[in-house]
Amino acid sequence: MLNLIYRNLYSHFGPQNWWPVTSEKDTKQKLEVCFGAILTQNTNWKNVEKAIAQLNKNNLINTKRIIDISNKKLALIIRSSGYHNQKAKKLKNFCYFLSKTYNGNLNLFFKNNMEKLRTELLSINGIGPETADSIILYAAKKPIFVIDAYTRRIYSRIFNIKPLGYDELQQIFMKKLNNDPKLFNEYHALLVELGKNICKKKPLCNQCPINNMCNYYNKNHKIKNSKNKI
DNA sequence: ACCCAGGTGGCCC
DNA sequence: GGGCCACATGGG
């Protein structure tokens, strides 16, 4: 079923290519992905892009320089991403951690296995499960499945169950799918695309690429609550 | 004038 | 251990 949903989504929306890190050696690019993962918390991606452009412009895709700049200045630079005061601290926390534990060497940090990466990322204030997993998948390119609010809603709706917890749902996806970072990357992005574009107002939508499954859900379980949107 | 966006941490009970 | 709440900007 999960593989079928993926195929439907992929043929409908096409490849999303979120955060394609082209060069394995480009550490700066990976660091930019880490920063993006933090900046996009509860924020529209367009606004994050502007903030990242500002960081680049100010030569701040760099752990040491993030640590050195004042919170105030940093907050101003990333202003467009919203929550700028909080996020300035979060970026710094991440950089402090890298600096203290891995001498600022992101590649060294990424040499750890997934479990250790996740544990250490979660220990940083400002990084929760979704951000940690985004960093592991999109920057470190290790096969972990990122869960978000859309994924929860879509899954609970198709299978007519109450929304599952983060770790629980993640385990389900990871058991049913091939352990392929590229697949996990696209799948998560496609679910977000579905959530953003389709079935926002009505429980049913003819253009929805998982329409049959929605139909199944609605017909058999009589869910009419429009608040339960995908 | 609303409502939402690729969440997280803190506090309350 | 679940349920609120603050956090803040830009786009539709």
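Here is how names work: the chains are called A, B, and so on, in the same order as the sequence lines, proteins then strands, and each is numbered from 1. Quick note: numbers below take in every heavy atom, side chains included, and nothing from hydrogens, waters or symmetry partners.
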*Could you state the atom-to-atom distance from CG of A:Asn47 to P of B:dC4 in whole Å?*
16 Å
_What I want to find out is whether A:Glu32 reaches A:Lys28 closely enough, with some N-O distance under 4.0 Å, to be called a salt bridge._
no
*Please report, rounded to the nearest Å, how far the C1' atom of B:dG9 is from the CG atom of A:Asn93.*
12 Å
*Name the nucleic acid region contacted by A:Glu130, choosing base, sugar-phosphate or nothing; use a 4.0 angstrom heavy-atom cut-off, strictly under.*
sugar-phosphate
*Whole angstrom is fine here: how far is it from CD1 in A:Ile38 over to C1' in C:dC7?*
16 Å
*Using the P atoms only, state how far C:dG10 lies from B:dT8, rounded to an integer number of Å.*
22 Å
_Aromatic ring pairing A:Phe35/A:Phe94, orientation class (parallel under 30°, perpendicular over 60°, tilted between)_ = perpendicular
*What is the distance from CZ of A:Arg79 to P of C:dC7, rounded to the nearest Å?*
16 Å
*Calculate the interatomic distance between A:Glu186 atom CD and B:dG6 atom P; express it in whole Å.*
16 Å
*Salt bridge check: are A:Lys73 and A:Asp68 linked by an N-O gap of less than 4.0 Å?*
no
*asked:* From the set C:dC7, B:dG6, B:dT8, return the single nucleotide nearest to any side-chain atom of A:Tyr83.
replied: C:dC7
_I'd like to know whether A:Phe173 forms a ring-ring contact (aromatic ring centres under 6.0 Å, His included) with A:Phe184, so could you lay out the CA-CA distance, the side-chain angles of the two residues, the decisive distance to 0.1 Å, and finally the verdict._
CA-CA 9 Å; A:Phe173 273 89; A:Phe184 289 0; 8.6 Å; no
*Which whole-number value in Å describes the distance from A:Lys89 NZ to B:dG10 C1'?*
13 Å
*Rounded to the Å, how far apart are A:Lys46 NZ and B:dG6 C1'?*
13 Å
*Using a cut-off of strictly less than 4.0 Å, decide whether A:Tyr150 has a side-chain nitrogen or oxygen near OP1 or OP2 of B:dA5.*
yes
*To the nearest 0.5 Å, how far apart are NE2 in A:His188 and OH in A:Tyr138?*
4.5 Å
*Taking for each residue the nucleotide of DNA chain B with the nearest heavy atom, is it A:Leu122 or A:Asp148 whose nucleotide lies nearer the 5' end?*
A:Asp148
*Could you state the atom-to-atom distance from NE2 of A:His84 to P of C:dA6 in whole Å?*
17 Å
_If you assign A:Ile127 and A:Val192 each to the DNA chain B nucleotide with the nearest heavy atom, which residue ends up on the more 5' nucleotide?_
A:Val192
*Between C:dA8 and B:dC2, how far is it from one C1' atom to the other, in whole Å?*
16 Å
*Can the ring centres of A:Phe109 and A:Phe97 be said to be less than 6.0 Å apart?*
yes
_C1' atoms of B:dC4 and C:dC7, separation to the nearest Å_ = 15 Å
*Under 5.5 Å between ring centres and under 30° between planes: true for A:Trp45 and the base of B:dG6?*
yes
*Within less than 4.0 Å of OP1 or OP2 of C:dA6, is there a side-chain N or O belonging to A:Lys87?*
no
*Among the candidates B:dG6, B:dT8, B:dG10, find the nucleotide nearest to the side-chain atoms of A:Asn125.*
B:dG10
*Determine the contact category for A:Ile147: base if any of its heavy atoms lies under 4.0 Å from a base atom, sugar-phosphate if only primed atoms, P, OP1 or OP2 are that close, otherwise nothing.*
nothing
*Tell me which nucleotide among B:dG6, C:dG10, C:dA8 gets nearest to the side chain of A:Asn85.*
C:dA8
_I'd like the P distance from B:dG6 over to C:dC4, given in whole Å._
24 Å
*Can you check whether A:Asn42 has a side-chain N or O nearer than 4.0 Å to OP1 or OP2 of C:dA8?*
no
*Can you find a side chain N or O atom of A:Thr131 that sits less than 4.0 Å from OP1 or OP2 on B:dT8?*
yes
